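Reading through the structure tokens given below for one structure.
A note on names: the letters A, B, ... follow the listed sequences, proteins ahead of strands, and every chain is numbered from 1. None of these values were measured; they are calculated from a predicted model.
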There are 2 protein chains.
Amino acid sequence: MKKPNRARSRTSIREQQRLDPSEREGIIAREAVSFFAEYGFEGQTRELARRLRITQPLLYRYFPSKEALIERVYQEVFVERWRPSWEAIITDRSVPLKTRLIQFYREYAGVILTYEWIRLFMFAGLKDLGLNARYLKMLRERAFEKLIEEIRFEYGRPSTRDLPITVLEIEMVWGLHAAIFYLGVRKFIYSMPLETDVNSIIDAKVTTFLGGIRSILPAKETV
Amino acid sequence: MKKPNRARSRTSIREQQRLDPSEREGIIAREAVSFFAEYGFEGQTRELARRLRITQPLLYRYFPSKEALIERVYQEVFVERWRPSWEAIITDRSVPLKTRLIQFYREYAGVILTYEWIRLFMFAGLKDLGLNARYLKMLRERAFEKLIEEIRFEYGRPSTRDLPITVLEIEMVWGLHAAIFYLGVRKFIYSMPLETDVNSIIDAKVTTFLGGIRSILPAKETV
DNA sequence: CTTTTTGTTTATCGAATGATAAATAAGCAT
DNA sequence: ATGCTTATTTATCATTCGATAAACAAAAAG
């Protein structure tokens with residue numbers, strides 16, 4: 001008497017399925033992002049495999065080591081999700097400055113204020129000594145410095161090429177960034193539901209920011 | 001031929017020393033704070049023991065499990081380091097409001113802007129689902145709500161007992177808190193040296209905060 | 001249908017890790 | 001000195017975990 005109920009296989013219902021390597025690799029990478037965001041990089045490869053409904057050694061066919069998989073996660077989240085168009089938004093002088101800032105920060109917040117981004121960034125910071133500093137250096141160069149240049153221009157101050165960005169200026173920008181980033185920390189790390197709409201917080205913060213930064217800008221140039 | 005060079009012992013130079021249990025327990029707890037702040041709670045008990053110059057099983061004479069040791073670390077840092085005098089500072093109406101706020105935030109920053117506090121709080125948040133929310137609830141009740149009550153009083157607005165704290169008000173306080181906390185994140189998690197003096201940042205943030213919150217306070221009471 | 005290729009699983013290794021039990025020895029009491 | 005208490009160490013267990021090798025099987029090639 002052979003087992004009557006199964007058509008072809010011995011594993012429960014789902015059949016072993018062979019996927020195209022590039023497709024499988026993408027599936028693993030995507031799940032790894034979600035998985036490590038939840039458990040941190042100490043999360044076990046066996047558990048990740050279970051969530052993928054594959055066996056653990058299969059991971060090693062696509063990634064030579066756990067560390068390589070983590071590198072891929074970094075790439076997937078911190079590199080791929082950066083949008084070059086943001087730099088264009090900031091410098092587009094056909095649009096009012098405040099509008100540009102609000103648009104940039106709304107879009108940027110839309111990307112980083114996610115469970116995956118916030119938690120992975122924090123896990124990386126606590127573990128890896130280089131990644132976050134590298135990312136924030138990029139953020140400073142591609143966004144913050146351009147942003148200060150635009151503010152200088154708006155208020156008729158010297159270009160940052162002629163007069164370097166001051167500590168006070170960059171500190172104000174960090175403050176604005178902190179306020180937005182911290183929303184993600186509250187929500188995704190402390191599990192505290194936000195009571196307010198993120199976009200309106202951003203609008204308010206940008207308004208306060210623009211009001212405050214004017215007073216600490218360098219003096220107007222005397223020709 | 002006996003070994004000639006050793007006076008009494010076989011372990012290198014340092015003698016095995018018996019300490020008073022309460023003293024040993026304190027030493028372990030203190031080192032555990034520093035250790036887990038650096039490596040996170042996945043740090044190994046053997047490595048901790050090595051730093052303490054004791055053997056790993058000795059840890060289990062003083063703490064029944066690793067988890068119990070971690071609980072002790074929480075206690076040591078997040079409970080013991082809170083100073084009840086802070087609540088008195090906030091509510092002491094013989095001192096100007098702004099002075100009180102600056103004094104409170106300077107002292108509070110002095111405690112939480114440390115390598116141990118910031119990193120342990122973040123590690124705890126990423127792992128434990130309850131601790132941070134509990135701590136921040138306490139912070140809100142013992143400091144933030146009192147602070148808003150004082151601001152209301154200062155500007156002649158209804159007491160928070162008669163008119164509950166609004167979302168906008170508490171959100172502004174969170175924003176101030178975020179700015180200060182984020183200094184610690186930058187320094188101790190991202191390893192980015194701060195370019196400015198913390199106290200002057202706090203002074204500036206408090207000033208901006210007091211200037212901004214006035215406009216979102218509830219209307220004056222109409223008797 | 002038969003053979004080949006290769007995606008996937010089974011079995012297993014070796015090191016790491018939290019924890020326990022028994023042996024050792026430091027310091028005090030007598 | 002001798003013996004007792006107990007702080008500390010040695011030895012070891014049971015899992016966990018990243019990683020590897022070999023066996024299996026699905027799909028394509030001939």
Side-chain angles (χ1 to χ4, degrees), chain A residues 2-3 6-32 35-36 38-73 123 127-128, chain B residues 2-3 6-32 35-36 38-73 123 127-128:
Chain A
K2 282 182 182 174
K3 300 166 187 171
R6 294 192 193 132
R8 302 183 296 176
S9 159
R10 28 190 270 281
T11 51
S12 49
I13 278 175
R14 184 177 297 270
E15 200 62 16
Q16 172 190 132
Q17 51 180 343
R18 291 162 69 99
L19 291 182
D20 186 79
S22 69
E23 187 184 354
R24 176 69 79 191
E25 186 181 315
I27 292 175
I28 291 176
R30 231 179 323 119
E31 187 69 28
F35 176 75
F36 287 126
E38 183 170 354
Y39 296 102
F41 301 119
E42 316 273 350
Q44 310 159 12
T45 55
R46 279 175 177 77
E47 177 64 16
L48 169 60
R50 203 187 55 74
R51 280 170 57 148
L52 280 160
R53 297 174 160 282
I54 62 176
T55 56
Q56 180 246 8
L58 189 58
L59 297 173
Y60 289 85
R61 184 172 177 91
Y62 295 94
F63 298 92
S65 68
K66 184 181 178 181
E67 206 50 45
L69 181 54
I70 291 173
E71 279 299 322
R72 171 63 175 273
V73 167
F123 275 124
K127 174 199 169 202
D128 203 77
Chain B
K2 283 182 181 173
K3 302 166 187 169
R6 294 192 192 129
R8 304 181 293 176
S9 157
R10 23 193 272 282
T11 51
S12 49
I13 277 175
R14 184 175 297 269
E15 201 61 18
Q16 173 190 132
Q17 50 181 344
R18 290 162 70 98
L19 291 184
D20 186 78
S22 69
E23 187 184 355
R24 176 69 79 191
E25 187 181 314
I27 291 175
I28 292 175
R30 228 177 327 118
E31 187 69 27
F35 177 74
F36 287 125
E38 182 169 355
Y39 296 100
F41 301 119
E42 317 272 349
Q44 310 159 13
T45 55
R46 279 174 177 77
E47 176 65 15
L48 169 59
R50 202 187 57 71
R51 280 169 56 148
L52 280 160
R53 298 175 160 281
I54 61 175
T55 56
Q56 180 245 9
L58 189 58
L59 296 173
Y60 288 85
R61 182 169 180 93
Y62 296 94
F63 298 93
S65 68
K66 185 181 178 182
E67 207 50 45
L69 182 54
I70 291 173
E71 278 299 324
R72 171 64 174 272
V73 167
F123 275 125
K127 173 200 170 200
D128 203 75

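Side-chain contact between B:Leu58 and B:Leu52 is absent, with no heavy atoms from C-beta onward closer than 4.5 Å. Taking 4.5 Å as the limit, some side-chain heavy atom of A:Leu48 sits within range of a side-chain heavy atom of A:Leu69.
Contacts of B:Arg30 classified as side-chain contact (heavy atoms from CB on, under 4.5 Å), with partners at least two apart in sequence or in another chain: B:Ile27. Taking B:Glu25 as the reference, B:Tyr62, B:Phe63, B:Arg72 meet the side-chain contact (heavy atoms from CB on, under 4.5 Å) condition, with sequence neighbours excluded. Listed by chain and residue number, A:Glu42 satisfy the side-chain contact (heavy atoms from CB on, under 4.5 Å) test with B:Glu42 (two or more places apart in sequence, or in another chain). Every residue was checked against the ring-ring contact (aromatic ring centres under 6.0 Å, His included) condition with B:Tyr60, not counting sequence neighbours, and none meets it. Taking B:Arg50 as the reference, B:Glu47 meet the side-chain hydrogen bond (donor to acceptor under 3.5 Å, both in side chains) condition, with sequence neighbours excluded.
Atom CZ in B:Arg18 sits roughly 13 Å away from atom P in D:dT5 (whole-Å rounding). Rounded to an integer number of Å, the gap from B:Arg46 CZ to D:dT10 P is 13 Å. Atom pair A:Leu19:CG and D:dA27:P shows a separation of 10 Å (rounding to whole Å applied). Between the P atom of D:dT16 and the CG atom of A:Leu48 lies a distance of 18 Å, rounded to the nearest Å. The CG atom of A:Leu59 sits 11 Å away from the P atom of C:dT8 (whole-angstrom rounding). One atom, CG of A:Leu58, and another, C1' of D:dC24, lie 14 Å apart when rounded to the nearest Å. If you take CD of A:Glu42 and P of C:dG18, they are 11 Å apart, rounded to a whole angstrom. Summarising the geometry, the separation between CD on A:Glu25 and P on C:dT8 is reported as 12 Å, rounded to the nearest angstrom.
When the side-chain nitrogen and oxygen atoms of B:Arg24 are compared with OP1 and OP2 of D:dT8, one or more of them lie within a distance under 4.0 Å. Listed pair A:Thr55 / C:dT8 fails the phosphate criterion, with no side-chain N or O lying under 4.0 Å from OP1 or OP2.
In the region residues 60-68 of chain B, proximity to DNA chain C at under 4.0 angstrom, judged on heavy atoms, holds for B:Tyr60, B:Ser65, B:Lys66.
The listed nucleotides are D:dT10, C:dT9, C:dT6; the one nearest the side chain of A:Pro57 is C:dT9.
Of the two residues near DNA chain D, A:Gln56 and B:Ile54, the one whose nearest nucleotide lies more 5' is B:Ile54.
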